[in-house]
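Just below is one structure, and these are the notes that go with it.
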Amino acid sequence: MRGFGWKLHGDGKHLGPGDIVKPDERLTWGRTAGLGAQHVVSMIGACFVAPVLMGLDPSLALMASGVATAIFLLSTRGRVPSYLGSSLSFVGVSAVIAGQGGDAGTLTGAMLVVGACLAGCGLVVHIVGGRIIHAVLPPPVTGAVVMLIGFNLAPVTASTYWPQDQWTALATMLFTGLALVVLRGFWSRIAIFLGLVFGYALSWILDRTAGRIHSADGSGKVVDHWRIDFSGVANADWIGVPNFHAPNFSGSAILVALPVLVALIAENAGHVKAVGEMTGDPLDDKMGTALMADGGATVLSTAFGGPATTTYAENIGVMAATRVYSTAAYWAAAGFAVLFGLCPKFGAVVAAIPGGVLGGITVILYGMIGLLGAQIWVRNKVDFSQPLNLVPAAAGVVIGVGGVSLKFTDTFELSGIALGTLIVLTGYHGLRWLSTASRTPQPPLLDGGTAEYDAPPNRPHDNPPDRADDA
């Protein structure tokens, strides 16, 4: 079967200047196992933060990430080296669903539906080709949706985590930011993990030197409490099975979660393109397969109570630093993840991360997610002097971040992420069609007051000529 039977690269021990280890090659098994462990460590910070923030079992999340990685490697037949970890894109969704009275089962049910939709989109892309992604989700739309998903999380940090220990949160934020900016190579890729370790250690020291803190606890009540509660760690077994639970389905929760589909498609498409450029093997023909694999892995994970999965940029960083693209290393990483998932004590340590530490981490993490949307705009040179690009994005982002709601009946309303995404998606395509049909010139906005006018996209215009449309 393709994807196994790796060739030994050279002597398996040494890499010369400019050497790369291709996906179908490997180093010695000892070095391959070490690289696999490094991949797990590189994503463990973000991968564990996601389930903790969503109220899911971190041990199950880690086990699910190992199984998901194996599914992805099998589906892509060893051509796309990648690790699938817990998706952070659903953290904002989980907060909204919890606010609506939903529980963990409601959240995993909504994520399961999104995973099924992602697999369906992958099938369409596999049949039609990757161009359909760019047609339905052009950069102005994708960037806006990713941005509103990230910035929608800001109130979670401000109202839930930061108040639990504001000074530890500030110190953790500063340390994590310093690590991201100053450190290089592999260490910069695990800066989130290093920030968690720093905040954990600081909280432990403060508990023993300053005593209990008088602040909000995890439930929001202002009481005297320890920063770290190790009771769950002491009661957890060294070896055991994670806490599985069945999903349940709610129409309102599914509507809240569906916009994340846009972010997942963008993540996977960007990941496949990046890996193809790094390995020198164009992977556009695997775009649909990658989407189907990620969607299928999400369905399997959420069916047992785990989080949704997605490709991880941290692992691209490890590949770039090591120049080792061997899928054997990812099989080793998947194995380590499953083994760690069978250690409930390990998961309990993660679940005991103090709220103040999460406050410092999420300030940076949520902001980074939001600014990824801006990065999509910049990389694709989206021109916001064009009203077609500006208006839907501006309206959708404000609605998504501000939590604007639109009530249809006493039992049904759209708000926040769901409504913002709907505005961006329908607004862009609707206005594009109307401007083309009406042949109305679009005056540029926010361009410093120039008098130049542009025609609608894809339409000849006599005075003056069109600029290229970034969509």
Side-chain angles (χ1 to χ4, degrees), residues 1-3 23 64-87 89-90 93 108-139 141-142 145-146 149 247 249 251 253-276 279 281-304 306-313 327 330 334 376 418 421-422 424-426 428-429:
M1 180 178 178
R2 187 173 178 178
S65 73
V67 175
T69 299
I71 291 173
F72 189 89
L73 294 172
L74 286 172
S75 300
T76 57
R77 308 189 75 177
R79 282 187 61 195
V80 188
S82 183
Y83 190 99
L84 267 62
S86 305
S87 174
S89 297
F90 287 94
V93 168
T108 51
M111 292 191 293
L112 188 153
V113 173
V114 175
C117 291
L118 181 62
C121 290
L123 179 60
V124 173
V125 171
H126 182 71
I127 295 172
V128 178
R131 63 185 182 275
I132 192 174
I133 294 178
H134 305 291
V136 177
L137 300 174
V141 172
T142 306
V145 173
V146 173
I149 286 173
F249 302 96
I254 292 170
L255 283 174
V256 169
L258 275 176
V260 178
L261 182 64
V262 176
L264 296 179
I265 292 174
E267 284 177 354
N268 278 275
H271 185 90
V272 171
K273 284 186 174 294
V275 172
T279 61
D281 178 18
L283 296 171
D284 286 354
D285 62 315
K286 287 295 180 182
M287 190 81 72
T289 304
L291 292 171
M292 285 190 287
D294 190 9
T298 291
V299 169
L300 181 62
S301 173
T302 53
F304 290 93
T309 61
T310 190
T311 51
Y312 259 63
T327 52
Y330 281 97
I376 291 172
T421 299
L422 185 65
V424 175
L425 193 59
T426 61
Y428 178 86
H429 288 291

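Annotation: side chain to side chain donor-acceptor pair (under 3.5 Å) contacts of T108 (sequence neighbours excluded): H245. Taking the side chain to side chain contact (heavy atoms under 4.5 Å, CB included) definition, one finds that L123 meets it with I127, M292, sequence neighbours left out. Judged as a side chain to side chain contact (heavy atoms under 4.5 Å, CB included), and not counting sequence neighbours, the contacts of V128 are V124, R131, I132. For the side chain to side chain contact (heavy atoms under 4.5 Å, CB included) test, residues two or more places apart in sequence or in another chain that qualify with L112 are P247, F249, V299, T302, A303. Legend: residues meeting side chain to side chain donor-acceptor pair (under 3.5 Å) with S301, ordered by chain and number and at least two apart, are absent. The side chain to side chain donor-acceptor pair (under 3.5 Å) test applied to T310 returns E267, not counting sequence neighbours. Remark: L300 pairs with V67, I71, F304 by the side chain to side chain contact (heavy atoms under 4.5 Å, CB included) rule, at least two apart or across chains.
Rounded to the nearest 0.5 angstrom, K286 NZ and H126 NE2 are separated by 7.5 Å. L261 contributes atom CG, which lies 4.5 Å from atom SG of C121 (distance to the nearest 0.5 angstrom). To the nearest 0.5 angstrom, L84 atom CG is 8.5 Å from L73 atom CG. Here the CD1 atom belonging to I265 is positioned 9.5 Å from the SG atom belonging to C117, to the nearest 0.5 angstrom. Put simply, CG on L118 and OG on S87 are 10.0 Å apart, with the number rounded to the nearest 0.5 Å.
Looking only at distances, a side-chain donor or acceptor of H429 sits under 3.5 Å from a matching main-chain atom of V136. Between the side chain of T327 and the backbone N or O of P23, at least one donor-acceptor pair lies under 3.5 Å.
A donor atom on one side chain and an acceptor atom on the other are not found under 3.5 Å apart for Y330 and S82.
Shown here for G66 and A334, the closest heavy-atom pair between the two residues is O-CB, 3.3 Å.
With a 4.5 Å cut-off on side-chain heavy atoms, F90 and P307 do not count as touching.
Applying the side-chain hydrogen bond (donor to acceptor under 3.5 Å, both in side chains) definition to pairs two or more places apart or across chains, those involving residues 288-297 are N268-D294, D294-T309.
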